[in-house]
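The structure appears right after this line, and notes come after that.
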There are 2 protein chains.
Amino acid sequence: MARPRKALLDLDRIADTALELVDETGDFTVPEIARRLGVQTASVYHHVDGRPGIVELLRARVGTEIDATLLEGRPWESALRAFAYSYRAAFAAHPHLIRLLTGEPVRAPSVVAVYERMVVLMEEAGFAPEAVMVTLTAFENLLFGAALDLAAPEVMWTVPAEVSAPRLAAALAAQPTGTGRADRAFEFAINVLIDGFSRLLKQD
Amino acid sequence: MARPRKALLDLDRIADTALELVDETGDFTVPEIARRLGVQTASVYHHVDGRPGIVELLRARVGTEIDATLLEGRPWESALRAFAYSYRAAFAAHPHLIRLLTGEPVRAPSVVAVYERMVVLMEEAGFAPEAVMVTLTAFENLLFGAALDLAAPEVMWTVPAEVSAPRLAAALAAQPTGTGRADRAFEFAINVLIDGFSRLLKQD
DNA sequence: ACCTGAACACCGTTCAAGT
DNA sequence: ACCTGAACACCGTTCAAGT
């Protein structure tokens with residue numbers, strides 16, 4: 001049964017399975033992908049450039065879930081905010097994914113295109129040339145940190161019994177119910193950051 | 001030569017070597033630590049609770065490099081800012097370390113103590129109980145994202161030749177020399193965030 | 001071109017045996 | 001208590017062989 005008439009494997013099936021494993025266990029393994037697809041481990045290597053190639057597949061996958069068109073046709077504040085929410089939503093759907101993607105630099109053309117668009121947006125808004133990368137990097141730092149926060153279990157924010165931290169415990173208890181700590185923090189941080197960009201713009 | 005009169009291994013030597021490897025290669029391996037220390041792999045397991053135990057050692061190590069006393073004896077804005085710089089400096093010294101530490105929740109008593117202190121600081125400054133965790137989470141998100149940014153090679157910010165991104169290239173070229181993109185972005189973001197906290201405080 | 005089966009180097013972990 | 005030597009399961013990767 002070498003070389004079936006219809007291919008058993010393709011990039012989509014590999015990416016789907018890898019993402020399944022990441023969602024279920026926090027990581028993926030080439031042999032485990034092969035097992036789930038009922039195929040030999042070596043077969044996967046005929047479609048993909050090793051494990052790093054599969055990571056790139058996942059990077060592309062999450063990239064398609066982020067809606068870059070949100071950057072178009074609206075004021076820059078609204079554009080950045082909408083993009084930020086879309087970005088975070090993509091990682092909220094796969095909380096463990098961000099950890100796998102922090103390894104390698106972002107060089108995919110589609111990602112570079114998004115940055116290019118953001119630069120144009122900020123320039124048209126009137127930001128000074130030296131200010132553009134500073135604001136976009138600050139923006140990206142927050143997006144990264146917020147994405148990582150999604151992978152942090154809420155357990156992380158319960159005070160261990162053996163430690164005395166009464167005010168922390170009280171602050172945690174004082175959180176409004178409904179939307180979580182992480183959601184509110186993200187919303188607040190994005191607002192603050194964009195307000196900060198605004199004031200930088202006006203002071204120029 | 002089983003059981004020498006003077007122990008060949010101890011936690012400090014294991015942590016030192018692991019950190020060396022992380023700095024040099026971006027990761028560590030139990031056998032590689034053993035090789036560097038001229039010892040069998042199995043020996044390491046007599047001192048440490050497996051690979052995760054070594055990660056905890058590294059977490060503790062970076063924890064000691066962050067100066068939590070900076071939170072004491074000054075206004076909250078200055079305290080948060082100083083702590084943020086100390087935090088980032090600790091990871092700047094070991095840029096690859098942050099990736100290893102994002103896996104497990106922070107439950108070390110010393111870390112909880114820092115959060116407890118921050119909560120008290122914010123409460124004494126007059127922040128509403130519901131606002132405290134929101135601001136601290138936003139603060140932490142930025143610290144995490146900024147630490148990850150330190151591991152991103154500047155190469156990440158050079159436009160690939162095959163992609164057309166003229167404005168991005170120009171914005172990168174417009175950056176002031178001297179301190180890098182990452183440093184300026186961090187400084188800016190921290191200022192903006194703390195200003196935002198300030199305004200939240202006044203509007204209460 | 002696509003899959004199999006076998007192989008190799010390497011990692012994380014355990015355990016009995018020695019002092 | 002601390003180290004060795006050997007063992008095991010598992011992973012990433014390669015390659016000749018088959019259709």
Side-chain angles (χ1 to χ4, degrees), chain A residues 1-61 96-97 99-105, chain B residues 1-61 96-97 99-105:
Chain A
M1 200 263 256
R3 169 76 156 137
R5 27 181 45 243
K6 187 145 200 338
L8 297 176
L9 245 40
D10 60 72
L11 295 184
D12 268 340
R13 256 182 293 234
I14 293 172
D16 285 345
T17 310
L19 192 51
E20 259 177 45
L21 286 166
V22 169
D23 287 343
E24 291 172 20
T25 72
D27 204 352
F28 74 88
T29 269
V30 185
E32 186 60 31
I33 291 174
R35 267 189 292 275
R36 292 222 175 174
L37 292 172
V39 110
Q40 290 295 318
T41 301
S43 308
V44 177
Y45 285 81
H46 288 275
H47 295 263
V48 144
D49 193 10
R51 189 191 148 89
I54 301 178
V55 171
E56 288 318 299
L57 246 41
L58 294 181
R59 196 192 301 286
R61 176 66 62 94
H96 296 118
L97 191 50
R99 291 198 63 222
L100 295 178
L101 303 187
T102 54
E104 290 301 313
Chain B
M1 201 267 254
R3 167 81 154 134
R5 29 183 40 247
K6 188 145 198 340
L8 298 176
L9 247 37
D10 60 72
L11 294 184
D12 269 339
R13 257 183 292 234
I14 292 172
D16 285 345
T17 311
L19 193 52
E20 259 177 45
L21 287 166
V22 169
D23 288 343
E24 291 172 22
T25 72
D27 204 352
F28 74 88
T29 268
V30 184
E32 187 61 31
I33 291 174
R35 267 190 291 275
R36 291 223 175 172
L37 292 172
V39 110
Q40 289 296 318
T41 302
S43 308
V44 177
Y45 285 81
H46 288 276
H47 296 263
V48 144
D49 192 10
R51 189 190 148 88
I54 301 178
V55 171
E56 288 316 300
L57 246 41
L58 295 181
R59 196 192 300 285
R61 175 67 60 97
H96 299 288
L97 191 50
R99 289 198 64 223
L100 295 179
L101 304 188
T102 55
E104 289 301 314

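Below, read A as the first sequence line, B as the second, and so on, with proteins coming before strands; counting in each chain starts at 1.
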For C:dC2, take OP1 and OP2 only and decide whether either is under 4.0 Å from a side-chain N or O of A:Ser43.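 Checking C:dC2 against A:Ser43, no side-chain N or O comes under 4.0 Å of OP1 or OP2.
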Between B:His47 and D:dC3, does any side-chain N or O lie under 4.0 Å from OP1 or OP2?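 Result: yes.
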For B:His47, run the side-chain contact (heavy atoms from CB on, under 4.5 Å) check against B:Ile14, B:Leu8, B:Leu57 and tell me which one passes.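 Single pass found, and it is B:Ile14.
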Across all strands shown, which nucleotide pairs with D:dT4 by Watson-Crick or G-U wobble geometry, both distances under 3.5 Å?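 C:dA16 is the nucleotide pairing with D:dT4.
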Identify the nucleotide, in any strand shown, that forms a Watson-Crick or G-U wobble pair with C:dC10, with both distances under 3.5 Å; if there is none, say none.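 When the pairing criteria are applied, nothing turns out to pair with C:dC10, so the answer is none.
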Nearest-0.5 Å distance that lies between atom CZ in B:Arg59 and atom CG in B:Leu97: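 These two atoms lie 9.0 Å from each other.
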Euclidean distance, atom [atom1] of residue [X] to atom [atom2] of [N] [Å, nearest integer]:
| X | N | atom1 | atom2 | value |
| --- | --- | --- | --- | --- |
| B:Arg51 | C:dC10 | CZ | C1' | 13 Å |
| A:Leu11 | C:dC2 | CG | P | 10 Å |
| B:Tyr45 | D:dA7 | OH | P | 18 Å |
| B:Gln40 | C:dG18 | CD | P | 16 Å |
| B:Arg35 | C:dA9 | CZ | C1' | 11 Å |
| A:His46 | D:dT13 | NE2 | P | 14 Å |

For the residue pair A:Phe28 and A:Leu19, establish whether any side-chain heavy-atom pair is separated by less than 4.5 Å.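 A:Phe28 does not reach A:Leu19 side chain to side chain.
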With nearest nucleotides of DNA chain C determined for B:Phe28 and A:Val39 from heavy-atom distances, which residue corresponds to the more 5′ nucleotide?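 That would be A:Val39.
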Determine, for B:Arg61 against B:Asp12, whether the closest basic-nitrogen to carboxylate-oxygen distance falls under 4.0 angstrom.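 So B:Arg61 pairs with B:Asp12 through a salt bridge.
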